[in-house]
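In the text below, chain A, chain B and the rest are named by the order of the sequence lines, each starting its count at 1.
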Amino acid sequence: MLHLFDTAVGRVVPFEPREPGRVSMYVCGPTVYGPPHLGHGRFSLVFDVLRRYLLWSGLEVDYVSNITDIDDKIINRANDEGRDWSEIATRCESVWWRAMDAIGVMRPTSDPHATAYVDEMVILIAELIDRGVAYVSADGVYFSPAVVDDYGLLARQTIDSMQAGARVEVAEHKRSPIDFALWKFVKPGEPSWPSPWGDGRPGWHTECVVMSLDLLGDGFDLHGGGQDLAFPHHENERAQAVAAGRTFARHWMHNGFVEVGGEKMAKSLGNFTNLLDLVESTDPRAYRLLVLRAHYRSPVEVTRASTDDAAAALRRLDAFARRVASADLAISPAVADPDAIAEFARVMDDDLDTPAAIAQLFSLVTEVNTALDAADTARATAAAAAAFEICRAVGLVLDAGGSEIPAEVLARAQQRDQARAARDFATADAIRDALVAEGWVVEDTAAGTQVRPA
RNA sequence: GGCGUCGUGGCCGAGUGGCUGAGGCAGGGGCCUGCAAAGCCCUCCACGUGGGUUCGAUUCCCACCGACGCCUCCA
């Protein structure tokens with residue numbers, strides 16, 4: 001059975017779905033006001049891997065990930081650029097999906113938008129006011145988290161110790177520094193929606209509460225996101241749900257940061273790499289491999305050197321895939337080495353130990369290569385099938401070649417084989433040198449000269 | 001100030017109270033090859049510092065040094 005670290009209890013615990021055989025998960029998606037960066041890419045990959053592993057394990061997965069399409073940052077950018085806020089949101093959202101597709105992240109089962117849930121948010125806010133845990137102030141409606149007994153659960157801090165913090169500003173309209181806005185009254189030039197307390201727009205933390213509960217129901221299985229979302233965002237979501245008498249997420253999962261030069265990558269720090277820039281400058285699969293090689297809770301350093309390193313590792317996997325393809329083995333999930341599959345499941349079930357799984361994958365590659373060298377087809381087939389199962393479970397797509405090679409190039413490869421057969425190595429080498437100079441990788445195999453793009 | 005994480009070889013990055021330590025990349029040697037490439041085999045290189053607990057610590061505890069994160073912008 002899968003075990004995951006639960007932020008709410010601070011340790012690895014069994015992950016038991018509310019409904020056997022079916023997992024409901026909610027992953028906090030982006031606020032669409034700018035290009036996605038590597039940090040967005042990481043959380044998307046981490047939860048994509050979890051989702052695929054659950055699917056691979058035979059479970060159904062309801063995967064909800066929101067698009068925050070109304071927010072201060074969107075409005076600010078719209079004002080800066082003299083555009084409509086919705087235009088910013090729409091454009092950034094399309095860039096978001098392009099980036100997700102590029103790194104091979106499965107589309108969510110549903111992708112609710114905050115603006116489509118304003119009515120539901122108003123209902124929740126009214127409920128919180130009725131219960132006396134939220135109040136109307138001069139500039140909006142605020143929530144008092146102090147009423148929630150275990151507030152600070154996800155922050156792993158008590159309210160008192162948080163208030164000792166120097167950064168907490170006492171906004172003039174709040175009763176307590178830790179209170180947060182559920183509803184912000186409209187200011188000139190801002191988009192707004194009607195509410196019983198005045199026109200305005202929702203605060204950030206409310207949307208995820210209504211959307212997750214609406215689409216996944218009370219007591220859904222897992223709520224996740226980047227570590228910086230644990231507090232305040234998730235803490236505040238949870239506080240609202242609890243205060244409204246609802247049962248919220250059963251399990252909380254947060255992934256570690258992407259770092260650059262040992263420092264967190266963040267838009268606010270201005271040290272971010274645009275996700276699309278990364279996938280355009282290197283093999284997009286390299287980022288997935290890089291993320292898989294680190295444990296999801298550890299920070300991962302992403303530099304040109306580390307992506308190049310991952311790309312090089314990928315070349316070994318692709319070479320393996322090509323070799324298996326040309327060996328014409330009868331590969332299917334059914335013939336996968338059961339011991340290898342059991343070992344893979346064992347390490348993945350241990351808090352998603354993808355580094356161990358990747359290590360195992362490379363061991364299987366070596367095993368297959370050795371078996372093929374020894375013409376041990378049975379061994380090679382079982383190990384290769386297991387390796388492909390691992391790849392499938394973590395969403396790693398290997399390239400077994402098969403791309404279109406121009407007939408003219410194939411003709412020259414044939415000429416080279418003829419020259420080699422005639423032991424005319426000068427001609428053979430000249431042909432190879434010419435092909436290499438044109439950007440082809442040339443390899444000799446039992447089946448003759450093989451050519452593929454470099 | 002409060003809370004917390006981390007410090008592993010040339011690089012990335014796992015892991016463990018003792019059989020000495022995943023994996024990848026890079027480096028060296030060998031096998032294979034007409035020569036290469038790919039592949040296989042072997043190999044160099046590590047547990048921040050100082051104490052403590054222990055028969056034994058890289059792994060547990062304490063201190064220190066250093067890095068980083070959260071304390072309502074943040075994936």
Side-chain angles (χ1 to χ4, degrees), chain A residues 10 27-31 36-44 46-47 71-73 76 145 152 154-169 171 174 177-181 203-205 224-233 235-236 254-259 262-269 272 289-290 293-295 297-303 305-317 319-320 322-323 347 353-363 365-366 368-370 372-374 420 423-425 428-429 432-433 436 441-445 450:
Chain A
V27 178
C28 277
T31 299
H37 63 65
L38 264 33
H40 298 101
R42 185 176 193 194
F43 91 71
S44 300
V46 163
F47 288 98
D71 179 88
D72 289 4
K73 293 188 287 292
N76 290 342
L154 297 173
R156 311 295 300 163
Q157 279 197 70
T158 63
I159 290 177
D160 286 347
S161 73
M162 283 187 279
Q163 286 179 324
R167 269 177 57 181
V168 180
E169 292 172 35
K174 290 187 191 179
I178 62 167
D179 293 356
F180 60 87
W204 180 35
H205 309 302
Q227 225 152 50
D228 46 0
L229 256 36
F231 189 91
H233 185 51
E235 190 81 56
N236 286 347
H254 296 96
N255 64 276
F257 296 130
V258 171
E259 297 186 345
E263 191 178 50
K264 171 187 172 183
M265 176 175 289
K267 287 185 184 174
S268 57
L269 295 176
F272 68 91
L289 184 57
L290 200 54
R293 290 201 307 196
H295 187 86
R297 285 190 282 123
S298 298
V300 65
E301 185 82 17
V302 182
T303 60
S306 66
T307 54
D308 284 350
D309 181 282
L314 218 38
R315 283 195 287 278
R316 176 169 163 80
L317 294 176
F320 156 77
R322 284 194 305 275
R323 187 172 183 193
V347 301
D353 190 355
T354 56
I358 295 302
Q360 193 200 356
L361 172 62
F362 278 95
S363 298
V365 167
T366 300
V368 171
N369 282 322
T370 303
L372 287 174
D373 286 348
R420 290 185 70 222
R423 302 194 67 77
D424 177 3
F425 297 121
D429 288 353
R432 180 171 63 193
D433 290 347
V436 168
V441 172
V442 181
E443 289 178 0
D444 292 349
T445 71
Q450 296 293 311

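Along RNA chain B, the nucleotide nearest to A:Arg323 and the one nearest to A:Arg156 differ in position, and the one closer to the 5' end is contacted by A:Arg156.
Per the geometry, CG belonging to A:Asp353 stands 9 Å off P belonging to B:U16, to the nearest Å. Put simply, CZ on A:Arg316 is 11 Å from C1' on B:C25, counting in whole angstrom units. Look at CZ on A:Arg293: it is 11 Å from P on B:C12, rounded to the nearest Å. With rounding to whole Å, A:Phe231 atom CZ is found 10 Å from B:C73 atom P. To the nearest angstrom, C1' of B:C25 lies 10 Å from CG of A:Asp308. One can place CZ of A:Phe257 at 19 Å from C1' of B:G13, the figure rounded to the nearest angstrom. Atom pair A:Asn369:CG and B:A37:C1' shows a separation of 14 Å (rounding to whole Å applied). Atom-to-atom, CG of A:Leu317 to C1' of B:C25 comes out at 12 Å; the value is rounded to the nearest Å.
The C1' atoms of B:G52 and B:U59 are separated by 15 Å, rounded to the nearest whole Å. One C1' atom belongs to B:A36, the other to B:U43, and the distance between them is 23 Å to the nearest Å. Going from the C1' atom of B:A57 to that of B:C40 covers 37 Å, rounded to whole Å. The separation of B:A37 from B:C61, taken at their P atoms, amounts to 49 Å, rounded to a whole angstrom. For the P atoms, the distance from B:C42 to B:U49 is 31 Å, rounded to whole Å. Here the separation of B:C60 from B:C25, taken at their C1' atoms, is 34 Å to the nearest Å.
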Every protein N/O lying under 3.5 Å from an N/O of nucleotides 5-8 of chain B:
none

Please list, pair by pair, any protein nitrogen or oxygen found under 3.5 Å from a nitrogen or oxygen in nucleotides 31-35 of chain B.
unit_1: B:G34; atom_1: O6; unit_2: A:Arg416; atom_2: NH2; d: 3.4
unit_1: B:G34; atom_1: O6; unit_2: A:Arg420; atom_2: NE; d: 3.1
unit_1: B:G34; atom_1: N1; unit_2: A:Asp429; atom_2: OD1; d: 2.9
unit_1: B:G34; atom_1: N2; unit_2: A:Asp429; atom_2: OD1; d: 3.4
unit_1: B:G34; atom_1: N2; unit_2: A:Asp429; atom_2: OD2; d: 2.4
unit_1: B:C35; atom_1: O2; unit_2: A:Arg432; atom_2: NH2; d: 2.4
unit_1: B:C35; atom_1: N3; unit_2: A:Arg432; atom_2: NH1; d: 3.0
unit_1: B:C35; atom_1: N3; unit_2: A:Arg432; atom_2: NH2; d: 3.3
unit_1: B:C35; atom_1: N4; unit_2: A:Asp444; atom_2: OD2; d: 2.8

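Here B:A38 is the nucleotide among B:U72, B:A14, B:A38 with the atom lying nearest to any side-chain atom of A:Ala319. Distances from the side chain of A:Glu259 to the nucleotides B:A75, B:C3, B:C68 place B:C68 closest. For A:Ser306, counting side-chain heavy atoms from C-beta on, the closest listed nucleotide (B:C12, B:G69, B:A22) is B:C12. In this structure, of B:A75, B:C70, B:G24, it is B:G24 that holds the atom nearest to the side chain of A:Phe362. Closest to the side chain of A:Ala359, out of B:A22, B:U72, B:A14, is B:A22. The side chain of A:Thr370 approaches B:C41 more closely than any other nucleotide in the set B:C41, B:A75, B:A38.
Between A:His37 and A:Phe272, the angle of the ring planes lies from 30° to 60°, which puts this pair in the tilted group.
Checking side-chain atoms of A:Asn369 against main-chain N and O of A:Val365 turns up a donor-acceptor pair under 3.5 Å.
In this model, the phosphate group of B:C12 is not approached by any side-chain N or O of A:Thr303 to a distance below 4.0 Å at OP1 or OP2. Not one side-chain nitrogen or oxygen of A:Lys174 sits closer than 4.0 Å to the OP1 or OP2 atom of B:U72.
Side chain A:Asp309 to base B:G24: a donor-acceptor pair is found below 3.5 Å.
Pairs of Watson-Crick or G-U wobble type, with distances under 3.5 Å, assemble into runs of 3 or more in RNA chain B at these ranges: B:1-7 with B:65-71, B:10-12 with B:23-25, B:27-31 with B:39-43, B:48-52 with B:60-64.
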